[in-house]
Structure formats: structure tokens, C-alpha cells
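What follows is one structure encoded as C-alpha cells, with my remarks underneath.
All values reported here derive from a predicted model rather than from experimental measurement.
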Amino acid sequence: MARNDDQPEVTGWVGWVYFAGFLMLLSGLFQSIMGLTALVNNSFYTVVNGTLVAFDVTTWGWLHLIYGIIVLCAGVALFGGSLWARIVAILLAVFGVVGQFAFVAAYPIWSIIAITIGIFIIYALTVHGGEARVE
């Protein structure tokens, strides 16, 4: 099968893209669990004056559940190698990294882990994402 010259050569680095997809699946799963936890048990998370950061716990739970489902879908789409999936995954990872800064004071270890995962996803998809492109 002839290869187009405008596509990058597929190397072992393409594994980074699949690694990013797997991290997106895990991240989406964790976000969904966090959202469901907030919806099922309002007293699980530390709240001040009935709000968690800027939202009440129920709103925060729904936002995390919806965000987690979107991240899961983007992670699945990454395995197909499409450009739109890479763009959406990068945007979601950036959004997740920035969002985790709001929780560093409340949950520092988890926030730092989530920020690190987001940075790995961004790196993998921006540097090596073109190798997984579908023809």
C-alpha cells in the first residue's frame, strides 16, 4: 500500500497517542465517578456554605458527570486516529488541567495527579498525534 508523502511516518511513538486515549478513558471514568458521588452523597465532598468552589454540590456533580462522559467519548474516538478527536481531546485536557487548579487546596495530591495526566495527554497528542491519523 502506497503511503502519502504528507502523512508522517508511523513510528513507535504512536503508542503515545494510544496512551493518551487510555488516559482519557481513565480520566473520563474518574470524572464520571466524582460526579455520581456528588449526586448520590451530597456530604461526601468538603463544602463551605453549601457550595463547592462556585456551584452547589448537585450542579457540580452534574457538570462532572457530563464532562466525564464527553472525555470518555473523546478517548474512544482517539483510538480511531481522527483529527477532530485529537483537537477535542486536547481542549478537554487543557480545560481539565486549568479546572484542577481550583481544587489544589482541597485535594492537593489528586489535583496534582490529574494535572500531570492532563499534561501527558496534551504532550502525546500535540507531538505524536499525527502518526495515528486515519487515511
Practice task
Tell me whether Trp84 is reachable from Ile90 by hopping between hydrophobic residues (I, L, V, M, F, W, Y) whose side-chain heavy atoms are closer than 4.5 Å.
Solution key: yes

Exercise for the section: Compare every heavy atom of Leu125 with every heavy atom of Ala89, then report the nearest pair and how far apart it is. Expected result: CB-CD1, 3.5 Å

Problem - Partners passing ring pair (Phe, Tyr, Trp, His ring centres under 6.0 Å) against Phe95 (at least two apart in sequence or in another chain) - result: Tyr67

Practice task
Taking all non-hydrogen atoms of both residues into account, name the closest pair between Gly61 and Ala38 and its distance.
Solution key: CA-CB, 3.6 Å

Problem - Side-chain heavy atoms of Leu65 within contact of Ile69, under 4.5 Å - result: yes

Fill in the blank from the handout: The reported gap from CG in Leu26 to CG in Leu72 (rounded to nearest 0.5 angstrom) is 9.0 Å

Fill in the blank from the handout: Tightest non-hydrogen contact, residues Ala74 and Ala85, listed as O-CB, 4.5 Å

Exercise for the section: Group every Ile, Leu, Val, Met, Phe, Trp and Tyr by side-chain heavy-atom contacts under 4.5 Å, then state whether Phe19 and Val17 land in the same group. Expected result: yes

Practice task
Supply the members, apart from Ile112, of the Ile/Leu/Val/Met/Phe/Trp/Tyr cluster built from side-chain contacts under 4.5 Å; use none for a lone residue.
Solution key: none

Handout entry: Which residues share a side chain to side chain contact (heavy atoms under 4.5 Å, CB included) with Tyr123, sequence neighbours left out
Key = Trp16, Val127, His128

Practice task
Following the transitive rule for hydrophobic clusters with a side-chain heavy-atom cut-off under 4.5 Å over Ile, Leu, Val, Met, Phe, Trp and Tyr, establish whether Phe30 and Val71 coincide in one cluster.
Solution key: yes

Handout entry: side chain to side chain contact (heavy atoms under 4.5 Å, CB included) partners of Ile66, counting only residues at least two apart
Key = Ile70

Exercise for the section: Sequence neighbours left out, what passes side chain to side chain contact (heavy atoms under 4.5 Å, CB included) with Thr58? Give chain and number order. Expected result: Leu39, Asn42, Asp56, Trp62

Exercise for the section: May I have all residue pairs that pass side-chain hydrogen bond (donor to acceptor under 3.5 Å, both in side chains) and include part of residues 110-122, sequence neighbours excluded? Expected result: Gln100-Ser111

Problem - Under the side chain to side chain contact (heavy atoms under 4.5 Å, CB included) test, residues paired with Ile117 that sit two or more places apart - result: Leu23, Ile113, Ile121

Practice task
For residues Phe101 and Ile115, determine if any side-chain heavy atom of one lies less than 4.5 Å from a side-chain heavy atom of the other.
Solution key: yes

Problem - Ile122 CD1 to Leu91 CG distance, which is reported to the nearest 0.5 Å - result: 9.5 Å

